[in-house]
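Heads up: the structure comes next, in structure tokens.
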Protein chains: 2
Amino acid sequence: MIEHKNISQPIYIKLKEMILSGELEQGEKIVQERIASLLGVSRTPLMKALLALENEYLVESIPRRGMYVKSWDKKEITDIYICREALEGMAARLLALSSNDNIIKQLQACFNPFISKKKINLETYSKADEKFHSLLIKLTGNEPLDKIYFFGKIHDKVTGRGLIRTPEETLEEHFGIIKAISKKNADEAEKLARMHIKKSRELLFNQ
Amino acid sequence: MIEHKNISQPIYIKLKEMILSGELEQGEKIVQERIASLLGVSRTPLMKALLALENEYLVESIPRRGMYVKSWDKKEITDIYICREALEGMAARLLALSSNDNIIKQLQACFNPFISKKKINLETYSKADEKFHSLLIKLTGNEPLDKIYFFGKIHDKVTGRGLIRTPEETLEEHFGIIKAISKKNADEAEKLARMHIKKSRELLFNQ
DNA sequence: TTTTTGTATTTTGTATACAAAATACATTTA
DNA sequence: TAAATGTATTTTGTATACAAAATACAAAAA
């Protein structure tokens, strides 16, 4: 009956979903035995998953007290955006230096469905946006960069709302970044990618 | 006799030392029971420490096979330097935007001992260099940035040698960065910090 | 009433137990 | 000899056991 392949992995994924969906809410204590029995596993593989999530800034551990779902304040969200600015800017630069048709096609594919649409579905666009930004990192082929980019995938959950700016505003910016990459203009690509993040950050708390 | 405060923490530190010092060498398999009894603990807290090290890129896990001391190839080292370029560049920018006497003093303190020295001790300078670069990150007060900067602290071990360039060459660059920060020239500070890392990276494999 | 103290319960941190997978190694087969 | 097969040993992954710390809560004291 006991089969152990990689229980920690599915637990990790499940817990991440539960946190990002709000099923486990920010600041909530994760009582190990409770979650373990909820998921039908023991505390050992659960702990592995929790440690992985701690390293992704989704869970916070207070020694001898327990693990808590991380809650983010304004400063932390701002700081995360600043990190994204640095990392995505560098990614755009790298892609510009090594761009080819395949890379451009993949990036464009994210937003092609929205070209000249009158009404853009926010949910769909939001997913495309997330896809684009993580693709920007992935396509560089820089593994360490991808490893430290985990912030990007949670930004809209972190901010507590969906899109920060309208598709009408950001769609153009996205294509601008892609264009700079395709023209192999590294400085321009980096500048635009950074501006794109910076604008959202500045809007986030100053409106 | 059983006292549990935080055994994982000392194990983590000890293991990190063992890896960075070469006592455990790159690619070596970490047989859990062996290391656990070597350190006089059980596999449970050892595993916690190993997972933390895995997230810092010092240990690599192959499911059902074991944990191995990470070994770095040229591409990975280059990629790490590229990450450093992005992160330290941003850090220098942030410091320039918020610099004050205290920050400048702390940064200068790293290298003041070497001013107008005829012969600089390489070991001492190497430590000062490491201190400077992690201080650059720390002083920004950006926690997420610090969290993803773990690369910086291992760079000379990663490259398999000590300093990449001579103190005569880099000392000036360091003071240049500090000066730009003190002048609150953000663009200049970022540019110099990035150049500083880039030069080392380019020299690393192309000499 | 509010605060303090003591006791019961819960929860964490570590050690240990055990099944299944991986590995090592000897024996057999070509 | 080299390859293949089977068996013993090692090692991992998970579950469980248990001590110590943290917490909850009730009774006593202010």
Side-chain angles (χ1 to χ4, degrees), chain A residues 1-19 22-71 147, chain B residues 1-19 22-71 147:
Chain A
M1 201 91 303
I2 296 165
E3 257 182 67
H4 25 78
K5 286 178 182 172
N6 231 352
I7 292 197
S8 300
Q9 184 71 9
I11 297 175
Y12 162 82
I13 292 168
K14 178 68 183 160
L15 273 178
K16 194 167 183 173
E17 277 172 14
M18 289 171 76
I19 292 171
E23 191 176 339
L24 293 171
E25 55 190 76
Q26 291 191 18
E28 184 176 340
K29 179 168 184 183
I30 297 169
V31 179
Q32 294 173 24
E33 196 58 61
R34 197 177 75 80
I35 301 295
S37 66
L38 184 75
L39 301 178
V41 295
S42 75
R43 280 168 59 210
T44 312
L46 172 65
M47 180 52 78
K48 281 194 191 180
L50 286 173
L51 289 170
L53 291 167
E54 189 190 2
N55 278 292
E56 285 188 25
Y57 240 58
L58 286 170
V59 158
E60 201 170 17
S61 158
I62 303 177
R64 264 270 155 229
R65 289 299 196 72
M67 307 281 258
Y68 297 80
V69 178
K70 183 121 180 67
S71 59
K147 194 177 175 68
Chain B
M1 200 91 304
I2 296 164
E3 258 181 67
H4 25 75
K5 286 177 182 172
N6 230 352
I7 291 198
S8 301
Q9 184 71 9
I11 296 175
Y12 162 83
I13 292 168
K14 178 68 184 160
L15 273 178
K16 195 166 182 174
E17 277 172 13
M18 288 171 76
I19 292 171
E23 191 176 339
L24 293 169
E25 56 189 75
Q26 290 192 20
E28 183 176 339
K29 179 169 183 183
I30 297 170
V31 180
Q32 293 173 25
E33 196 58 61
R34 196 177 75 80
I35 301 294
S37 66
L38 184 75
L39 300 178
V41 295
S42 76
R43 282 168 57 211
T44 313
L46 172 65
M47 181 51 79
K48 280 194 192 181
L50 286 173
L51 289 170
L53 291 168
E54 189 190 3
N55 279 291
E56 285 187 25
Y57 240 59
L58 285 171
V59 159
E60 201 170 17
S61 158
I62 303 176
R64 265 269 155 229
R65 290 298 195 74
M67 308 281 258
Y68 296 80
V69 178
K70 184 120 180 67
S71 60
K147 194 177 174 69

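Order of the sequence lines sets the chain letters (A, B, ...), proteins ahead of strands, with each chain counted from 1.
Regarding A:Ile62, its CD1 atom lies at a distance of 16 Å from the P atom of C:dT11, rounded to whole Å. One interatomic measurement links the two molecules: CZ of B:Arg64 to P of C:dA20, which rounds to 10 Å at whole-angstrom precision. The nearest whole Å value for the distance from the OH atom in A:Tyr12 to the P atom in D:dG13 is 18 Å. What separates CD of B:Glu28 from P of D:dT11 is a distance of 13 Å, to the nearest Å. We find that CD1 of B:Ile7 is positioned 12 Å from P of D:dA21, with the value rounded to whole Å. Nucleotide C:dT14 holds its C1' atom 10 Å from the CD1 atom of B:Ile11, rounded to whole Å.
For the segment residues 39-55 of chain A, the set of residues with a heavy atom within less than 4.0 Å of an atom of DNA chain C comprises A:Arg43, in numerical order. Taken residue by residue, residues 29-38 of chain A places heavy atoms nearer than 4.0 Å to DNA chain C at A:Lys29, A:Ile30, A:Val31, A:Gln32.
When the side-chain nitrogen and oxygen atoms of B:Ser8 are compared with OP1 and OP2 of C:dT14, one or more of them lie within a distance under 4.0 Å.
In this structure, CG in B:Leu15 is found 6.5 Å from CG in B:Leu24, a value given to the nearest 0.5 Å. Considering NZ of A:Lys14 and CD1 of A:Ile19, their distance stands at 11.5 Å, rounded to 0.5 Å. With rounding to the nearest 0.5 angstrom, the CG atom of B:Leu46 is 9.0 Å from the CD atom of B:Glu33.
Closest of all the heavy-atom pairs between B:Ser71 and B:Gly27 is CB-N, 4.0 Å.
No side-chain heavy atom of B:Glu54 sits under 4.5 Å from any side-chain heavy atom of B:Leu50. For the pair A:Met18 and A:Leu38, the minimum side-chain heavy-atom distance is below 4.5 Å. Side-chain atoms of B:Lys16 and B:Leu53, non-hydrogen and from C-beta on, do get closer than 4.5 Å to each other.
Between the side chain of A:Lys29 and the backbone N or O of A:Arg65, at least one donor-acceptor pair lies under 3.5 Å.
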